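Any value given below was found using the heavy atoms of this structure, including those in side chains, with hydrogens, waters and symmetry copies removed. Everything quoted here is computed from the prediction, not taken from an experiment.
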Amino acid sequence: MNDFLKILRDVIADAPFGGSQRALAQHAGCDQALLSRVLSCEREPTPEFVGRLCATLPSHTAAALLKAYLDSIVESIASSKRKAGTRGAWKPSLSHLKVNIECEPRRKSA
């Protein structure tokens, strides 16, 4: 999860969030406590959480964040297969992955 966390911390540090986890959480419409727990490695990010973040970030940042998240899932699966005693080192490379993100504008609920 290192690349994911690095990108997420960079997002928070840069404008318009200026180091505020609260600002990012409000912008993405997610729980600030969950964001804090993910950043402190107390919780794994959920697909919904990652989706909310990606939907509100610039496309190049969202693509990098999503790719890092998918890489961490692949690594987790690979390590669980190794622990289970299966043969071989299953670990597909995602270096060729191209992510195209298109988002509809988020609608404010009345």
Side-chain angles (χ1 to χ4, degrees):
M1 197 56 61
N2 290 337
D3 288 342
F4 178 84
L5 290 176
K6 181 186 178 313
I7 294 167
L8 188 53
R9 287 182 180 126
D10 288 347
V11 165
I12 292 169
D14 291 342
F17 308 113
S20 172
Q21 292 179 22
R22 181 180 206 179
L24 175 59
Q26 287 177 339
H27 182 73
C30 64
D31 183 40
Q32 181 184 354
L34 175 59
L35 176 58
S36 178
R37 288 183 186 111
V38 167
L39 287 167
S40 65
C41 299
E42 293 175 27
R43 292 262 325 254
E44 293 290 323
T46 64
E48 179 184 9
F49 173 79
V50 175
R52 284 183 178 272
L53 290 174
C54 290
T56 61
L57 296 174
S59 61
H60 67 282
T61 305
L65 191 67
L66 181 59
K67 184 179 179 310
Y69 177 68
L70 294 174
D71 280 336
S72 70
I73 290 171
V74 168
E75 179 58 38
S76 175
I77 292 169
S79 67
S80 71
K81 286 187 174 274
R82 284 190 293 266
K83 289 177 188 170
T86 59
R87 286 200 267 163
W90 179 86
K91 185 176 178 190
S93 170
L94 296 181
S95 61
H96 65 283
L97 182 67
K98 180 178 179 185
V99 178
N100 182 24
I101 298 177
E102 295 181 23
C103 300
E104 294 290 324
R106 195 169 69 184
R107 296 184 185 154
K108 300 282 184 183
S109 56

Inset, instruction - Please name the residue in the list L53, V50, D3, L57 that meets the side-chain contact (heavy atoms from CB on, under 4.5 Å) test with L8. - result: L53
Inset, instruction - Considering non-hydrogen atoms only, spot the tightest contact between C54 and A62 and give its length. - result: O-CB, 3.3 Å
Inset, instruction - To the nearest 0.5 angstrom, please state how far the CZ atom of R37 sits from the CD atom of E44. - result: 14.0 Å
Inset, instruction - Please report the closest heavy-atom contact between T46 and Y69, naming both atoms and the distance. - result: C-OH, 3.7 Å
Inset, instruction - Give, for atom CG of L5 and atom CG of L65, the distance between the pair rounded to the nearest 0.5 Å. - result: 9.5 Å
Legend entry - salt bridge (charged side-chain N to carboxylate O under 4.0 Å, His left out): pairs with one or both residues in residues 8-31, sequence neighbours excluded: K6-D10
Legend entry - Spacing of E42 atom CD and L34 atom CG [to the nearest 0.5 Å]: 10.5 Å
Inset, instruction - Return the set of residues passing side chain to side chain contact (heavy atoms under 4.5 Å, CB included) with A13 (not counting sequence neighbours), or none when no residue passes. - result: none
Inset, instruction - To the nearest 0.5 angstrom, please state how far the CD atom of Q32 sits from the OG atom of S20. - result: 7.0 Å
Inset, instruction - List the atom of H27, the atom of T56, and the distance in Å for their closest heavy-atom pair. - result: NE2-O, 3.1 Å
Inset, instruction - Please step through side chain to side chain contact (heavy atoms under 4.5 Å, CB included) for the pair T61 and V11, ending with a clear verdict. - result: CA-CA 8 Å; T61 305; V11 165; 3.4 Å; yes
Inset, instruction - Indicate yes or no: at least one non-hydrogen side-chain atom of D71 is less than 4.5 angstrom from one of F4. - result: no
Legend entry - Side-chain donor/acceptor of R52 to backbone N/O of G29, under 3.5 Å: yes
